[in-house]
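Just so you know, ligand 1 is whichever comes first in the structure, and atom 1 is the first atom listed for that ligand.
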Amino acid sequence: MDARANKVAIVGAGSVGATLAYNLSLKGAVTEITLIDSNREKAEAEILDISQGASLGRSFKIEATDYSGCRDSDIAIITAGARQKPGESRVDLLERNVGIVKSIVHAALDAGFAGIFLIITNPVDVLTWVAYKESGFPSGRVIGSGTTLDSARLREYVARHCRINPQNIHGYVLGEHGDTSFPAWSLLTIGGIHFDDFCPVCGACEEMGDFKKNAAEEIRRTAYKIIEAKGSTCYAIAQAGSLIVESIVRDERRILPVSTARTDFHGIPHTAFSFPTIVSKGGVVQVLDYTLPEDEQRMLMTSARFVGENIGKAGY
Ligand code: NAD
């Protein structure tokens, strides 16, 4: 993969796919984007809208194609499929999206794609497993965006409360990108200070009350609230997807909470979930497997088991 010439294929030119293409175009993260959608007219219209800003920003190649556009792509990003209706959970999309992702993986492979799959369509963990199985690629080349978005939400939530720049908050939401995810407070640091030790140093709050519980609940519920009000989420997920793409194409070795397929995880035969992972040019360099404190490890196991059960329900 040439560090200067990078091409990504985005399958799904809906709210997430088009916003991701726009985000990548603003950042100049890649030199070429191909947008693929079963609604070709929609993909072409998104391309027109984005490319008409070229003289005002960065210039790069962007076009709407069929799956042949995947052939020389470094990354194929799957954002196609059904999205949650108000009140629906991510796993409610399972039946509708398994077949779609399976067919997209095969269409990309038939076109000669041999790069890295990045799965964003929900339920993202189950579909990461589906793409892993259907592609036959090593698990390190099938990455789910996982809890990269949820972790960004956590950092922003803590930043807002503590009145600190979110980039100085390091922390992760782990497990399923869904209702069983949880913030791993044991890993959260602010300016290098562990979260629990930061409060006495800061001294601004008289008492924290149910801060952790409220934060966990708010991060889990926020997508539901956004979907209820505006139909879909797109900006922060596009930012998260774009960061994963950058880590790959620029060989950045970022540690990101992406989702990867796991076989025989502490007795769970098959699952996929997010854990801090080094992401670079070839995809996953390493999942930083370590044992969490007992309560968090228990939540991780519950989450991993839940995804495993849904993988089973999907027929895998
Ligand atoms: P959308 O309805 O706006 O767009 C979906 C697009 O997929 C449409 O343009 C549709 O024509 C296309 N499509 C459907 N079937 C296709 C197929 N077989 N081949 C090619 N294209 C096909 O939906 P959206 O808001 O962009 O959401 C897309 C997915 O992303 C949903 O599953 C949603 O839940 C998920 N999502 C994931 C995260 C995350 O953090 N992982 C965040 C937000 C949304």
Where is the nearest protein heavy atom to [atom]: which residue, which atom, and how far?
atom                    : answer
atom 26 (O) of ligand 1 : V16 N, 2.8 Å
atom 42 (C) of ligand 1 : I237 CG1, 3.5 Å
atom 4 (O) of ligand 1  : G14 CA, 3.2 Å
atom 18 (N) of ligand 1 : I100 CG2, 3.6 Å
atom 34 (O) of ligand 1 : N122 ND2, 3.0 Å
atom 22 (C) of ligand 1 : S38 OG, 3.2 Å
atom 14 (C) of ligand 1 : G81 N, 3.7 Å

- Task: Kindly state each residue pair satisfying salt bridge (charged side-chain N to carboxylate O under 4.0 Å, His left out) with at least one member in residues 5-14, sequence neighbours excluded.
- Result: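 Qualifying pairs, neighbours excluded: K7-E32, K7-D72.
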
- Selection residues 142-161 - residue pairs positive for salt bridge (charged side-chain N to carboxylate O under 4.0 Å, His left out), sequence neighbours left out: E156-R160

Nearest non-hydrogen contact with [atom] belongs to which option: [options]?
atom                    : options               : result
atom 29 (C) of ligand 1 : T79, D37, L35         : T79
atom 25 (O) of ligand 1 : K42, E41, R83         : R83
atom 41 (N) of ligand 1 : I119, D92, V101, I120 : I120

- Message: Pairs of nitrogen or oxygen atoms closer than 3.5 Å, one from S103 and one from ligand 1: do any exist?
- Response: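 Checking ligand 1 against S103, no N or O pair falls under 3.5 Å apart.
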
- Message: Taking distance alone, with N or O pairs closer than 3.5 Å, would you say S15 contacts ligand 1?
- Response: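 S15 vs ligand 1: N/O contact under 3.5 Å present.
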
Could you check whether any side-chain heavy atom of [X] comes within less than 4.5 Å of a side-chain heavy atom of [Y], counting everything from C-beta outward?
X    : Y    : answer
R305 : F265 : no
K281 : E252 : no
V158 : H161 : no

Relative to the heavy atoms of [X], which atoms of ligand 1 are at a distance of less than 4.0 Å?
X    : answer
L93  : 34 (O)
T233 : 42 (C), 43 (C)
H177 : 39 (C), 40 (O), 41 (N)
A82  : 31 (C), 32 (O)
N97  : 32 (O)
S232 : 25 (O)
L149 : 40 (O)

Could you tell me whether [X] atom [atom1] has more than 12 heavy atoms of other residues or ligands within 6.0 Å of it?
X    : atom1 : result
E63  : CD    : yes
K42  : NZ    : yes
K230 : NZ    : yes
R253 : CZ    : no

Between [X] and [Y], does the ring centre distance come in under 6.0 Å?
X    : Y    : result
Y132 : F137 : no
F275 : Y290 : yes
F211 : Y157 : yes

